[in-house]
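This report refers to the structure that appears directly beneath it.
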Amino acid sequence: MYGKILVPVDGSATSTRGLDEAASLAQALHSKVKLIHIVNELIIDGGQPVTWGYDKLIEGLREGGRMILDNAVAHAKKRGIKDPESQLFEVIGGRAAHVIVDEARRWNADLIVMGTHGRRGITRLAMGSDAELVLRHAPMPVLVVSPDR
């Protein structure tokens with residue numbers, strides 16, 4: 001049924017809830033799990049070229065992303081997932097939702113499981129909703145885990 005489950009993680013408690021749901025499903029269905037994290041390198045610079053420490057800043061983002069993935073892999077293993085795959089993606093200004101859907105297609109995922117921050121009102125307008133975009137564009141089922149479950 002769901003032999004391959006893709007799980008985007010961002011280090012938040014909400015994404016950990018999504019990972020927990022994915023782990024429960026994966027154990028019950030003997031599914032493979034792939035964890036992904038997206039680093040967005042877009043830096044708003046006010047129109048001025050960024051020359052001060054840009055490389056260090058980007059490497060810090062990458063290192064933070066690797067730590068998030070390492071923690072998610074350790075958490076998945078504690079939850080009984082054997083050999084979860086993980087991958088770090090880098091984009092410049094793109095939406096995480098597009099990376100998630102593209103990777104789900106490429107990896108032939110049967111299901112995407114992700115947490116949603118449940119933003120409403122102005123915050124949602126300003127930041128958008130990657131979970132909503134994934135729901136709209138993914139060709140496979142998407143399980144969205146709310147922060148209030």
Side-chain angles (χ1 to χ4, degrees), residues 1-44 54-149:
M1 180 177 216
Y2 298 123
K4 295 172 84 174
I5 301 173
L6 185 76
V7 184
V9 294
D10 66 6
S12 69
T14 301
S15 78
T16 301
R17 286 187 198 101
L19 176 53
D20 287 340
E21 285 296 319
S24 295
L25 280 170
Q27 278 189 300
L29 301 172
H30 307 288
S31 306
K32 292 181 182 179
V33 172
K34 182 170 186 178
L35 309 170
I36 65 170
H37 178 77
I38 299 104
V39 171
N40 191 334
E41 296 181 9
L42 178 67
I43 297 171
I44 298 173
Y54 180 79
D55 291 338
K56 287 183 181 182
L57 180 60
I58 294 304
E59 188 51 43
L61 292 172
R62 289 178 185 137
E63 183 60 30
R66 286 189 287 269
M67 288 175 52
I68 288 168
L69 278 173
D70 289 347
N71 290 338
V73 165
H75 186 82
K77 287 180 177 179
K78 285 181 192 174
R79 294 293 316 265
I81 303 304
K82 294 181 183 177
D83 301 320
E85 292 182 44
S86 67
Q87 188 172 357
L88 181 72
F89 289 88
E90 295 182 38
V91 298
I92 299 175
R95 295 294 305 254
H98 297 140
V99 176
I100 293 164
V101 171
D102 289 347
E103 180 55 18
R105 284 186 176 125
R106 191 204 63 73
W107 190 58
N108 293 317
D110 299 305
L111 177 68
I112 299 171
V113 178
M114 62 188 299
T116 180
H117 294 282
R119 293 183 181 105
R120 303 262 190 277
I122 298 297
T123 305
R124 184 175 173 279
L125 285 173
M127 299 186 72
S129 172
D130 282 309
E132 182 179 344
L133 284 173
V134 170
L135 281 166
R136 286 184 187 193
H137 297 286
M140 68 285 298
V142 179
L143 173 60
V144 179
V145 180
S146 74
D148 301 325
R149 79 169 186 128

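What you see is a predicted model; the values in this text were computed from it and never measured.
One finds no salt bridge joining Glu59 and Lys56 here, because no Lys/Arg side-chain nitrogen approaches an Asp/Glu carboxylate oxygen to under 4.0 Å. In this structure, Arg62 pairs ionically with Glu90, as a charged nitrogen and a carboxylate oxygen lie closer than 4.0 Å.
Smallest separation of non-hydrogen atoms from Ala26 and Ile81: CB-CD1, 3.4 Å. Nearest heavy atom pair, residue Ala72 against residue Leu19, reads O-CD2, 3.6 Å. In terms of heavy-atom proximity, Leu6 sits nearest to Ile100 at CD2-O, 3.6 Å.
Contact annotation: the side chain of Leu25 approaches that of Leu143 to within less than 4.5 Å [non-hydrogen atoms, C-beta and beyond]. At a threshold of 4.5 Å between non-hydrogen side-chain atoms, the residues Val101 and Pro139 count as touching. A heavy-atom distance below 4.5 Å is found between the side chains of Ile112 and Pro8. Considering only heavy atoms from C-beta on, His75 comes within 4.5 Å of Asp20 through its side chain. The shortest side-chain heavy-atom distance between Gln87 and Trp107 does not fall under the 4.5 Å cut-off. Side-chain atoms of Thr14 and Arg17, non-hydrogen and from C-beta on, do get closer than 4.5 Å to each other.
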Fill in: Residues Met1, Asp110; criterion side chain to side chain contact (heavy atoms under 4.5 Å, CB included); working and verdict
CA-CA 8 Å; Met1 180 177 216; Asp110 299 305; over 6 Å; no
